[in-house]
Amino acid sequence: MSEDAAPKHRYDARLANEIEAKWQDYWESERTFLAPNPVGGLSEGFDQAKGKDKLYVLDMFPYPSGAGLHVGHPLGYIGTDVFGRFHRMNGRNVLHAFGYDAFGLPAEQYALETGQHPRDATEANIATMRRQLRALGLAHDPRRSVATTDVPYYRWTQWIFLQIFESWYDDAAHKARPITELVAELESGKREPRSAANPDGKPWKDLDERTRREVVDSYRLAFREEALVNWCPGLGTVLANEEVTADGRSDRGNFPVFKKPLKQWMLRITKYAERLLADLDLLDWPEPIKLMQRNWIGRSAGALIRFPIEGYDERIEVFTTRPDTVFGATYMVLAPEHPLVDRIVPGDWPPATAPAWRGTFGTERTPAEAITEYRAFAATKTEMERQAEGREKTGVFTGAFAKNPANGEAIPVFIADYVLMGYGTGAIMAVPGQDERDWEFAEQFELPIVRTVEPTPEFDGKAFLGDGPAINSGFLDGLNIVDAKHKIGEWLVANDAGEPTINYKLRDWLFSRQRYWGEPFPIVFGEDGLPRAVPADALPVELPELDDFRPASLDENDAESDPEPPLARAERWLEVELDLGDGPQKYVRETNTMPQWAGSCWYYLRYLDPTNEDALIDPAIDEYWMNPNGVDLYVGGVEHAVLHLLYARFWQKVLFDLGHVSTREPFHRLYNQGYIQAPAFRDSRGIVVEATEVTERDGSYFHGDNEVAREFGKMGKSLKNAIAPDDIYRDYGADTLRLYEMFMGPLDASRPWSTADIAGVYKFLQRVWRNVLDEDSGELHVSDEPADDETRRVLHRTIAAVREDMGELKFNTAIARLFELNNHLTQVVTQRGSAPREVVEPMVLMLAPLTPHVGEELWQRLGHAGSLAYEPFPEADPTLLVEDEIEVPVQVKGKVRAQVRVPAGTSDETLEQAARDDPRIAALLDGVTIRKVIVVPGRLVNFVTD
RNA sequence: GCCCGGGUGGCGGAACGGCAUACGCGGAUGGCUCAAAACCAUCUGUCCGAAAGGGCGUGCGGGUUCGAAUCCCGCCCCGGGCACCA
């Protein structure tokens, strides 16, 4: 039997699993990886950590998937673990914790699909994930693990919401301040109550109580607003802009999304646009991620210009980045939903209105009718349909004319769906001469086109976007774009026609969801229907148990349906008697829940002080771990480039403004790990088939008898190509899995999984094991005899390289160096019959962050008591890194023709002479003219000949 | 369409402007063995050549340089982000 033939003490999967379980139990019972806080409940052991530098490494918060982990998930977790273990050995106080983002759509959708209650499904999934991760041997501090669904956790999520609700943004101070300070300023007259809730601009003292409340509410950073939002009947909830894909479908579930006016909770993230943009410069993040955030925030400098409407006391306000082209504005366009439209429409078409202007369908008898019809046409189209129809311009004339403030000309006002209500003011001045979209529309509707920038002579296109002197522009003529913008800006201000301004693409964060599985809002409504905060000492507002937690089942294509929050069905929970300062009264609770992203906005703070019941975080603890720059290393997928990372930065800034945290940015260094890809297979219909059922024959792939096509894609459910870590643990052990994932490529690159390649790192661990102890007897064969000089040099070169690579997260090359060291050691063992301890011990220590179980086991067998987790990482002896003799390539005309060996530190002249003395070089140089000799000290000689 | 990444052996991947292909997988040959596995050793970009040696080689085409995978310009392909954003 082959099993009997294998040596008894070989490092195989069985032994690996034994060792792994042993050390995982040891770390847990010995509390090896608890990171002490400076103060508070988790401060035990801080005496030993005093004087150490802190290191906060963080993995992006995963949601506990129902399918369990596949081998692609832990890539980043292993990376942070290796990095953390490496620095723990370098004497850092390392905080590494792990928790679960368990509220929200993915968790709830999973529960729905499997017919479970979300809490049961979530708890089971977390338990599975904990088991799978524990088996990987990650050095987490288990005391700090949290789930967003834990009541003590979401109590503080609600508390943070209250901070946001109870504050406003002071534009002058560029920061959030408590709402009580706003009220004080309003009462004292220091500030005028300017708000849409006070349309007449009455002074505070003349406002009634209700209006005062409404004014204050309109200032809050968390506020309710009737706005066009993304309604997704398929999910039964509204969604944030960030959760809607470019083709107008839900990020989760891929259901159609419709724009619909609904009153929803919003968070005023737009007030932070400038700081969110500017502070990116403080961060050590991959440039593409910063760019994605910059694009999402979408800052553009331009001007607001007001166009009076003829015959009405109304003005159309537009935002433009090209105020210099205002003389070329030959018509205007409002978004179909623009509120002004209803107020400016005349009863009948002006004389001589072209038929084409009267509506896309040519049947409209009055402007009002045409508008109604066009609005219906625009509203029924999803983003997807709009795109499918290309960019053909549609629209209709409103019957109204505006006056161009620059030249006084009357220009027609249209509505068209190429102008979006959600950007700028929802209205534009159309300048076809310098804008391609406006040009297309102008052609379609036969509108005049006036160039206001002189195109370059060779230009033969339509709209001209380049720079050039202004023409047809009165006092701007001759100026280039930059100067013209400047001048028109001054003119607008002087003539009360507008002013330079900055506009952002970023919208306020739609924060309410009509789903069950989320944090309830700590908000109640009185009889007046106005929101009131639940007092902080009455938190948490617990999520009620509901037998039927399902969202209303709606037709996913029915744009006319309305959200129906499940919490409205929790009758006993819904009504509550509270004393909010004016005696006990009955209130009705807010029935919306918070979005998935709420809980993940601040979990990195809770890891620091997870047991604190009196405050969000103890300032001393925040100071210790977060100062000066926040999380030292944050590893996660690029898919969170906008959503999570933007929201978390926003919350951090609000908490910073209000004095609850000490740093303005949460994540100093961000690193995006790649994805592990795996082969996936599609049959002739293009349907994905289960990858594990596919067999290979003669270079082709078959599912049963059907040939299938192979592709590579991100491992997961949708491609049916997931590989479970449990199978790899069973066949090779967790250390092999860890080592393989770190070896297969750079951490930030995506790469295909190859189970065949695992054998390579598995055999490496076997060779390491065999170099330390005898496979048959289990006896150590390590000797205290010194290593030979060459071996010692190899060791120290390895140490230097591994140290550097690990510090830079280049684990793949660090491992390659360890392979080389071990290969060298194999030769030494073959020759001497034993391995020198002075090589074996550093090698085990260097391996330990990567393969901690093997590391600990060998360390123990080498005679050490206790864990190596805090042993110093080996340091290279610099004197052993310099070579006595070096080999230098010699080139003739840039081609390598020979190698010469010279002592290190040889002078350039001597090196050149040595090169000339080489017989092959001498032969090549014989009879040719040497034009130049390049000598790179210690590296290369190049003879340049004719 | 615009903006980012990236294209290196049969495969995963190395390489401060200075010996391209480290390390691993796969493959070949040899050792050990009755034999196989395991293990150990050597070789393994490609073409010409018996060999010595030489030609060609980092997606394609140019350029800078004594010297380019690396820097610059123009293309092609793959992956990602944004997309009527005024």
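Quick note on labels: first sequence line is chain A, next is B, and so on, each numbered from 1. Small disclaimer: the values here were computed from a predicted structure and weren't measured.
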Examine [N]: is either OP1 or OP2 under 4.0 Å from a nitrogen or oxygen in the side chain of [X]? Give yes or no.
{"X": "N942(A)", "N": "rC19(B)", "result": "no"}
{"X": "R939(A)", "N": "rC16(B)", "result": "no"}
{"X": "N812(A)", "N": "rA14(B)", "result": "yes"}

Look at atom NZ of K290(A) and say whether more than 12 heavy atoms of other residues, nucleotides or ligands are closer to it than 6.0 Å.
-> yes
For [X] and [N], give me the distance from atom [atom1] to atom [atom2], rounded to whole Å.
{"X": "L465(A)", "N": "rG1(B)", "atom1": "CG", "atom2": "C1'", "value": "12 Å"}
{"X": "M421(A)", "N": "rA86(B)", "atom1": "CE", "atom2": "P", "value": "16 Å"}
{"X": "F811(A)", "N": "rA22(B)", "atom1": "CZ", "atom2": "C1'", "value": "19 Å"}
{"X": "E820(A)", "N": "rA15(B)", "atom1": "CD", "atom2": "P", "value": "13 Å"}
{"X": "L924(A)", "N": "rG53(B)", "atom1": "CG", "atom2": "P", "value": "12 Å"}

Side chain of [X] only, please: which of [options] is the nearest?
{"X": "R751(A)", "options": "rG12(B), rG67(B), rA86(B)", "value": "rG12(B)"}
{"X": "K932(A)", "options": "rC40(B), rC66(B), rC23(B)", "value": "rC66(B)"}
{"X": "V896(A)", "options": "rA15(B), rC4(B), rA20(B)", "value": "rA20(B)"}
{"X": "P752(A)", "options": "rG53(B), rG12(B), rC19(B)", "value": "rG12(B)"}
{"X": "P746(A)", "options": "rA14(B), rG81(B), rG54(B)", "value": "rA14(B)"}

Run the salt-bridge test on K462(A) and E443(A) with the 4.0 Å N-O cut-off and return the result as yes or no.
-> yes
If we take the P atom in both rG10(B) and rU44(B), what is their distance in whole Å?
-> 15 Å
Mind checking who rA20(B) pairs with, Watson-Crick or G-U wobble, both distances under 3.5 Å?
-> none
For this output row, return yes or no: ring centroids of F743(A) and F811(A) closer than 6.0 angstrom.
-> no
Centroid-to-centroid, Y762(A) to Y740(A), below 6.0 Å?
->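 Judged by ring-centre distance (under 6.0 Å), Y762(A) and Y740(A) do not meet the cut-off.
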